[in-house]
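For reference, positions follow the sequence shown, starting with 1. From a predicted model like this one, the values you see are computed outputs, not experimental measurements.
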Amino acid sequence: LLALASENAFTVLDSLHRCLTTANPGGEPVNTEAKRQLIYFCTSLHNRRIRFRPPPVTHMKSWSSFTPYYGEDVTYSIKQLRAVYDGDDIDLENLLKALFPDEWENQRERCETDTATTRASAGQEAEDHALQDWASDRGQLLSRTIRGVCRYSEGLRVLSRLEGVKESEIEWLNWLKYEYVVTCQIYGKHRREKDQRADDINKLRKRYRACLRMAYVDEKRPPNPKTGDEGEEHFHSMLMGIHPETQEDVVLCKVRLPGNPIIGEGKPENQNHAIIFAHGEYLQTLDMNQDNYMSESLKIRNMLELFRGNVRIVGYPEHVFSMSGGAVAHFSGSNEMVFGTTMQRFLAWPLMCRFHYGHPDLWDKVWAMANGGVAKASRTLHVSEDIFGGFNVILRGGTIGFAEFIHCGKGRDMGFTAVNGFEQKISAGNALQCSSRELYRMGKFFDIFRLMSFYFTGAGFFLTNRITTGIILGLGLGLRLGLEP
């Protein structure tokens, strides 16, 4: 009876009472996204590649997640959420509430808010922070990516407790097996200018201090000791963490650089300067507009076990969560979903010409560090920088796999101009690939079947489209001229 008086017992009994008195005895979630995640998780457990038993957490392989970031928005501000721009008749806050009505009701229930609450109430600041977090988790912002990817750390804690690891050792084991490195290229500049993005990043670092590390390029001009004037500019690669007790900044690593490391394409150079701080045996490359789910975090051990023999990269599908943003967003998302699932499955086997496409591939990091890295960064030539990492794997005798029992979230372009610009980048990247030495070498040594597969799934696709379009236009013009009197 004394045990029933505890707070934990009251929580359990309250949950049991709600389960027995619910109007939904089957427990089916109302939210369509929750249904999708549950269905995918249950279906993936029947995948033949996940049926083998993975090693315990104490003996599993270690890995690092890695995200390059430049200057995109980190978290929505209240001003952004409530601003009404020219040509629009609704602000972003009300638009998100309309797009996700059931999720907004759940948010209100969690925060114990009421629609009749005025904005000038005593708890308005805390309510605004909750609204910012809720809205940011439904956009394509860095905060959504960090919140989702850090669930790998939460998943490791759950697995550790299920396997009987001592509570006092869980955090140490979590630190040993996983870390998340976000390389914020110009964070130092944002901090000097007191930019809001630097403050938002600092809040995320403190919230997820157990596994989140931040790398950036530090630029300083120390004074000349002789003249007192500004001296030569110094560059350092910095890795920052948060002290678990004082919550103050801690410099975990500082590397002096011979000059500015950003001399080629921005994203791959941003990756290359910070990859030395990823300490795991394997490296998961992610973009800054991705997401992850708790159910998928429980299967990462199985995916790490796919690295056998000469497998150097393992890719997996993405769920595009931005398809509700209109007709153009739905088209872009559908296109990406076809490429990220059916196409890549077929490219991996039997065509054997799947390469690295930037995200969300998992790399053998020890091999990559000794064999040219995960991307190429030469300006102009390497517009499609990630695929050259895949070329490098194939040319050095490695293989690339594809797993379908695990997936993550991904946001895509939602406007016509952005989608058109992305397609132009892809086609320009394929054109520049034709002038690279990697393409020449693969074309010289591939067998005929793999060569034709490589051609029609790469630059040949765009070349064939151009030839077909020219023929149709020529036939149309000739027909019109022939019919004229």
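A donor-acceptor contact closer than 3.5 angstrom is absent between the side chains of Ser160 and Asn174. A side-chain donor from one of Glu33 and Gln37 sits under 3.5 Å from a side-chain acceptor of the other. In summary, the side chains of Tyr152 and Gln284 do present a donor paired with an acceptor at a separation below 3.5 Å, with no hydrogens or angles considered. No hydrogens or angles considered: nothing links the side chains of Ser64 and Lys365 as a donor-acceptor pair under 3.5 Å. At a cut-off of 3.5 Å, with distance as the only test, no side-chain donor of Ser143 or Tyr76 sits close to an acceptor on the other residue.
Asn47 is linked by a side chain to side chain contact (heavy atoms under 4.5 Å, CB included) to Arg49, Ile50, Glu404, Phe405, counting only residues two or more places apart in sequence or in another chain. Taking Val311 as the reference, Phe307, Val314, Thr399 meet the side chain to side chain contact (heavy atoms under 4.5 Å, CB included) condition, with sequence neighbours excluded.
Judged by distance alone, with hydrogens and angles left aside, the side-chain atoms of Asn392 form a donor-acceptor pair with the main-chain N or O of Asn371 at under 3.5 Å.
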Residue pair Thr183, Phe277: steps toward the side-chain contact (heavy atoms from CB on, under 4.5 Å) verdict: CA-CA 10 Å; Thr183 168; Phe277 301 133; over 6 Å; no
Run Leu131 and Ile78 through side-chain contact (heavy atoms from CB on, under 4.5 Å) and show every step you take. CA-CA 8 Å; Leu131 174 62; Ile78 293 297; 4.2 Å; yes
Take Arg301 and Glu305, measure what salt bridge (Lys or Arg N to Asp or Glu O under 4.0 Å) needs, and give me the verdict at the end. CA-CA 7 Å; Arg301 286 187 302 175; Glu305 291 303 305; over 6 Å; no
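Between Arg412 and Ser322, the shortest heavy-atom distance links the atoms N-OG, 2.9 Å.
Side-chain rings of Tyr282 and Trp363 stay apart, their centers remaining 6.0 Å or farther from each other.
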